[in-house]
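Whatever order the structure lists ligands and atoms in, that order sets their numbers, starting from 1.
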Amino acid sequence: MHKIDFNDRWVFIKEGKESYIEKEIPDGEYITLPHCFNGIDGQSGDGMYKGKTCYQKKVALTGEELREYHYLEIGAASLVSHVYINGILAGSSRCGFSMYRVFLNPLLKEGENLISIVVDNSRFDDVYPLMADFSFYGGLYREVSWITTRALHFELLDNSRDGMYITQKAIKNGIYELKIKGSVINELHNKLESKIKVTLLDKEGNGVLSKTMKCAVIEKEEFEFIEELNQPRLWQGIEDPYLYTLKVELYQEEQLVDERNLEIGFRTIEITPDKGVFLNGKPIKLNGVSRHQDFAEVGNALTKEHMELDMSLIKEIGANSIRLSHYQHHDYFYTLCDRAGLLVWAEIPFISVPSTADKENQNAKDQLERLIKQAYNHCSIYCWGIQNEITIAIENEQIYEMVKELAAIARNLDAVRYIAQANIHSVANESSLNDLTDFVGYNLYYGWYYKEMKDLAVRLDEFHKVRPNIPVMVTEYGVDTNPVLHSYTPSVKDYTEEYQLLFQENALKTFKEREYVLGGYVWALFDFGSEIRNEGGTKGKNQKGLVTIDRKIKKDTFYLCKAYWSKEKFVKLAGSRFVNRHQEENDMVVLSNVNSVKLFVGEKMIGERNDHEPVKIFKGVKLAHGENFIRVEAVDSEGNCYYDEMFLNRVKDMDLSYVLKKTEEKTTVTNWFQKFDLTNVQEVAIKEGYYSTFDTIEELYKNEEAKAVFKKYFGDLAENPQMATMRGLMTIDSMSKRSRFNIPKELLSVINKELNVIEKRK
Ligand code: GCU
């Protein structure tokens with residue numbers, strides 16, 4: 001297989017005329033892939049383009065070249081795409097985060113060929129994600145490659161990436177089994193003799209194992225190697241992510257015709273309900289971050305440099321695990337994780353609400369199949385996440401069935417890895433949803449969307465008590481934070497850096513104190529585009545990141561995590577952006593993984609600490625009027641020094657730019673039900689044939705009277721774009737189970753009294 005970049009000089013147009021399928025775009029724009037057409041508007045919060053677009057490129061081929069076999073590999077195109085060669089459909093994909101390939105030969109001709117790729121990011125009722133808190137960017141946003149093969153080659157069209165699957169597992173005392181299973185294709189469909197050779201090389205390039213197998217191929221032939229390896233050097237996570245290279249060569253009569261070089265790590269992962277996670281038998285708390293793939297201004301059209309920058313930040317913070325949410329990420333990013341030693345939670349966008357248009361849930365199944373087949377060979381992946389908060393609107397048997405089916409598909413494709421899910425907090429501990437995967441994650445926002453920070457620990461302990469046999473972790477926790485906002489008295493929904501710091505510290509302590517908690521994934525490492533958002537002084541972004549979307553500002557909480565997780569010594573003064581201080585006495589917060597720390601104001605040392613605490617607070621430090629130079633000095637046990645410094649300005653009056661202007665706020669539903677009288681409410685026995693709180697909003701809306709009742713209590717709620725997608729699923733009853741709607745139980749009876757007298761017409 002010969003693979004070349006096919007990224008330059010595409011012609012792009014942000015419209016999808018039928019004629020572009022076969023005719024050249026007259027006045028398109030020249031672009032280079034990867035390309036996203038929502039790089040700017042997908043993060044502006046002012047509405048983004050959603051619809052058809054077209055990418056075109058010409059390629060000239062000689063008669064001789066046509067005797068070879070040609071494939072186009074599309075890294076990813078969002079959300080739905082169709083490839084036309086000289087006006088004829090050659091292939092398509094409804095899995096906008098996965099790679100796909102198209103066999104070109106039947107449609108190619110000698111001379112010039114026109115390739116048109118129609119890419120559409122409109123809403124499709126049967127394509128995930130249907131609804132989620134991130135922008136559904138459109139584009140041919142990963143690289144495109146042109147692949148040329150000989151007649152004999154490894155499989156290219158089974159939705160896998162490598163045409164083979166490598167499985168490693170420990171079998172006994174330091175002995176590992178290495179299984180390589182794949183297929184060889186013969187394009188000529190006549191019998192060809194081939195030979196497959198596998199060689200395992202260590203980092204220095206020494207052969208550790210070598211095996212050869214003969215294989216006669218007519219059309220397609222499967223092959224399998226099962227070898228044993230004694231005491232391989234293990235892949236030890238971030239401590240020592242040791243990788244071997246597996247070279248798999250395909251020969252036709254002694255001539256090398258195809259080849260794969262795949263990195264592989266040997267490791268065991270065990271997840272227990274009471275003692276947490278074990279990597280190669282050693283306990284490891286998952287100090288995790290979550291990542292969406294987008295970046296300021298380019299959307300999801302990432303280059304290797306973007307991904308390497310992200311990885312350098314992940315390494316800096318000291319995370320040992322990552323949740324790559326909420327869809328399949330770039331293959332290179334999984335490779336970076338293999339090399340960095342991160343344990344990866346990989347997942348599909350079966351998120352928020354299931355499709356009602358696709359009863360078979362085919363799109364979720366397809367995306368799962370592609371994710372697993374394409375990412376299978378990455379040793380960093382320890383689990384497949386099959387759903388995220390899929391019960392936002394409603395939790396019922398049908399959803400359980402869908403999750404069950406996905407778990408079965410994952411198990412069938414990968415017998416070794418764990419299968420997991422991320423539940424919304426409203427899923428009861430006892431819910432049978434929790435029984436459908438090997439372990440469970442909960443997205444818990446105690447102290448942000450609901451209740452208080454301390455309730456995180458309460459909830460986890462309750463879960464563990466009720467479900468002692470289900471391993472549990474926190475798959476999301478976080479608060480929106482705008483680094484220009486500050487407060488002496490941080491509180492929920494103030495969006496300050498100081499509140500994020502408190503929230504994060506509470507969570508990290510909670511995980512640390514509980515052996516049974518597998519760990520947590522902070523939501524999120526980076527701010528990300530979310531077209532539906534307008535809060536915390538910013539539009540179009542979710543600001544729960546520890547780093548801004550342009551990766552330029554590391555919020556204080558980044559250093560808090562670093563102090564907890566990283567071995568790279570450092571010291572950092574929190575609050576350096578909270579420059580103008582109107583109080584004389586200020587608590588100085590020092591974040592460090594070095595024990596011995598001294599704090600200075602000007603030349604004067606005003607305090608000293610020597611302890612293991614990652615957060616060291618120097619209380620009531622007095623500031624003089626005007627500029628104050630604050631310096632912190634840390635000295636480790638070997639005598640190495642670390643410094644940080646900042647200027648603080650003591651001012652007379654409070655700097656109001658640090659406080660969120662309240663006008664735009666409170667997007668979430670508040671307690672408007674207070675205006676209804678809920679005293680002495682009698683329960684209503686629901687009559688069949690009449691409307692009730694158990695009907696979907698869509699059904700209520702079909703009847704003018706029922707709709708009026710709904711609107712009386714909920715106003716235009718059902719008409720906002722987010723709710724609109726849930727109307728076919730959500731009932732008033734299911735809404736009442738979501739704390740964000742704040743619906744008192746008594747209100748259901750009040751509403752039923754009015755609804756249950758409106759007869760349903762046949
Ligand atoms: C959800 C969801 C995320 C979302 C987050 C948030 O739980 O899984 O996709 O961004 O919460 O509200 O910030």
**Item:** Top protein contact for atom 10 (O) of ligand 1, by heavy-atom distance
**Value:** Asp133 OD2, 2.6 Å
**Prompt:** How close does the nearest protein non-hydrogen atom get to atom 2 (C) of ligand 1, and which residue and atom is it?
**Reply:** Glu476 OE1, 3.3 Å
**Message:** Under 4.0 Å, heavy-atom basis, I'd like to know which part of Phe134 is in contact with ligand 1: side chain, backbone, both or neither.
**Reply:** neither
**Asp480 and ligand 1 - part of the residue with a heavy-atom distance under 4.0 Å** = neither
**Asked** When you look at CD of Gln398, are more than 12 heavy atoms from neighbouring residues, nucleotides or ligands closer to it than 6.0 Å?
**Response** no
Taking only heavy atoms of [X] into account, list the atoms of ligand 1 that are under 4.0 Å away from them.
| X | answer |
| --- | --- |
| His326 | 3 (C), 8 (O), 9 (O) |
| Asn388 | 2 (C), 8 (O) |
| Arg533 | 6 (C), 12 (O), 13 (O) |

**Best match, Tyr449, Tyr477, Tyr445: closest heavy atom to atom 12 (O) of ligand 1** = Tyr449
**Asked** For Ser81, what residues pass the side chain to side chain donor-acceptor pair (under 3.5 Å) criterion, not counting sequence neighbours?
**Response** Tyr100
**Request:** Taking the side chain as every heavy atom from C-beta outward, state whether Lys465 and Asn429 have any pair of such atoms under 4.5 Å apart.
**Result:** no
**Asked** How long is the gap from CZ on Phe295 to CG on Leu309, to the nearest 0.5 Å?
**Response** 5.5 Å
**Request:** Return each pair, listed once, that meets salt bridge (charged side-chain N to carboxylate O under 4.0 Å, His left out) where at least one residue sits in residues 726-735; pairs must be two or more places apart or across chains.
**Result:** Asp733-Lys737
**Message:** Quick test of your reading of the model: are Glu316 and Lys554 salt-bridged, counting only N-O distances below 4.0 Å?
**Reply:** yes
